[in-house]
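I have placed the structure first, in the form of structure tokens, so that the comments after it can refer back to it.
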Amino acid sequence: MRRPESSYSSSSPRGRTTTPPQRGAAAIAPAIARTAADYTLAHAGRQLRLGPIAFWVTVGSLVIMAAWTMLTATYFAFHDDVLTSLIARQAEMQFAYEDRIAELRAQVDRMSSRQLLDQEQVEHKLDQILRRQTMLEQRANTLNTLPDLGITGAIRSPGRGDRSVTKPAPINDKSSPAGSGRKAAIGNLDSMLTRLTSSLDRVETEQAAALASIESSYDFKARRIRGVLSELGIDAGKSTPSADATGGPFVAARLRSDSSAFERQLHRIGLARANVDQLNRTLANVPVRKPVTGEIDASSGFGMRIDPFLKSPAMHTGLDMRGEPGDPVRASANGMVTFAGWQGGYGKMVEIDHGNGVATRYGHLSSIDTEVGHTIKTSQIIGKVGTTGRSTGPHLHYETRIDGEAVDPQRFLRAGAKLGAVY
């Protein structure tokens, strides 16, 4: 079958040129002729004249249609691969985002767990400090009830308004995305808790030192009293009569096996205190105090002397103390009056039994202010200085006796002076 012939020509003012017919792919397209003024399309003897604008619009449309045809063909040829690649890329991006989200959630969970753990640790430390402070306050109250705190200094128990330990607010990390604020807050709390712990350590050390000082003072006092009683020949363990009304069921003092160091130390102080109290009760019945007020002005001591009346050697069984008539005479220890009246050379005399074989006599009194059978306390007035009996002037004849034998009263008075610092 023969294809129709086509020709392409162009006209111009100078002449006409005829292009021979073309075969193959070029023969399918129409012949285009270009003149200076217009374009002429010829096909099968027919001609179509076009202006420049219409020509280029037509050419552009053909180019665009050709490009679109090529793109469409390419798309239909490769659209499966493109879609697969796009879906794979989208899935990869989705998985990456999901992994990132999971990682961020894990970080948030770790931060929340760490925050909760830090807060629990801080609250645990603070709870321990509060319990310790309460314990130290109770110990301080116990120390305040102990006697002789003037030796070691009283420990004041802090009042409710003086408490420096307050519970901090929970840790909040919301204001700091990086957690630096939380770390700073935790650091500040740790520093505060460390300072509080150090302060409580100092208080506990001071309390332990105060207890040790009290225990030491009790031990020193007990040793001093035992030493003095031993010098005077008095058995410190021997019971003495007591005028106080005491009694009650016997309950042995025992220390629990799980007692703390503070409780054990307090138990030792209690034992030392009870021991000192017992020694004090014994010492209260020993005539170590002065029977007159003020300094003693001795006119005649204990032992051998020249008798003031017979002018010959004689044994003086007491200590003469000068005084003014009517000056008070006081008991030098606790005891019971066994004699009150006239007794030969003693004149008006009072004798007091102090127990354990110890007795004192007060002679040459101008008056007697007690009676036989009366219980006497230390420093209680029993009479007044006088010059009754075998006396050359107003003075007090003072005697101390152990098991009926006269001993030098100065021994007891020197012991009282020695005990003055602890008694």
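All values below were derived from every heavy atom in this structure, side-chain atoms included, with hydrogens, water molecules and symmetry-related copies excluded.
Arg224 contributes a side-chain N or O that, together with a main-chain N or O of Lys418, makes up a donor-acceptor pair within less than 3.5 Å. Arg411 places a side-chain N or O within donor-acceptor distance of the main-chain N or O of Glu231, the cut-off being under 3.5 Å. Without hydrogens or angle criteria, Ser213 side chain to Ala209 main chain gives no donor-acceptor distance under 3.5 Å. In this structure a side-chain-to-backbone donor-acceptor pair under 3.5 Å is present from Glu263 to Ser260. Between the side chain of Lys290 and the main chain of Gly294, a donor-acceptor pair closer than 3.5 Å is present. A donor-acceptor pair under 3.5 Å is formed between the side chain of Asp408 and the backbone N or O of Gln410. For the pair Gln380 (side chain) and Lys377 (backbone), a donor-acceptor distance under 3.5 Å is present. With hydrogens and angles ignored, the 3.5 Å screen pairs no side-chain donor or acceptor of Ser230 with any backbone N or O of Arg226. Checked by atom type and distance alone, the side chain of Thr400 pairs as donor or acceptor with a backbone atom of Val407 at under 3.5 Å.
Between Met321 and Leu319 there is a side-chain heavy-atom pair separated by less than 4.5 Å. By the 4.5 Å heavy-atom criterion applied to side chains, Met304 and His316 are not counted as neighbours. When side chains are defined from C-beta on, Thr360 counts as touching His354, because their heavy atoms get closer than 4.5 Å. Taking 4.5 Å as the limit, every side-chain heavy atom of Asp219 sits out of range of all side-chain heavy atoms of Asn275. Considering only heavy atoms from C-beta on, Val358 comes within 4.5 Å of Ile234 through its side chain. Looking only at side-chain heavy atoms (C-beta outward), Leu396 and Pro291 come within less than 4.5 Å of each other.
Counted by atom type alone, Ser259 and His267 present zero donor-acceptor pairs between their side chains at under 3.5 Å. A side-chain donor-acceptor contact under 3.5 Å links Asn334 and Thr378.
Separation of the Tyr346 and His397 ring centroids falls under the 6.0 Å cut-off.
A salt bridge links Lys384 with Asp369: the distance from a Lys NZ or Arg NE/NH1/NH2 to an Asp or Glu carboxylate oxygen falls below 4.0 Å.
Taking all atoms of both residues into account, the shortest heavy-atom contact from Glu324 to Val385 is O-CB, 3.5 Å. Of all heavy-atom pairs between Phe302 and Ala406, the closest is CZ-O, 3.7 Å.
We find the CZ-CZ distance between Arg401 and Arg361 to be 4.0 Å, quoted to the nearest 0.5 Å.
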Under the side-chain hydrogen bond (donor to acceptor under 3.5 Å, both in side chains) rule, what do Ser216 and Tyr218 come out as? Steps first, then yes or no, please. CA-CA 5 Å; Ser216 177; Tyr218 275 134; over 6 Å; no
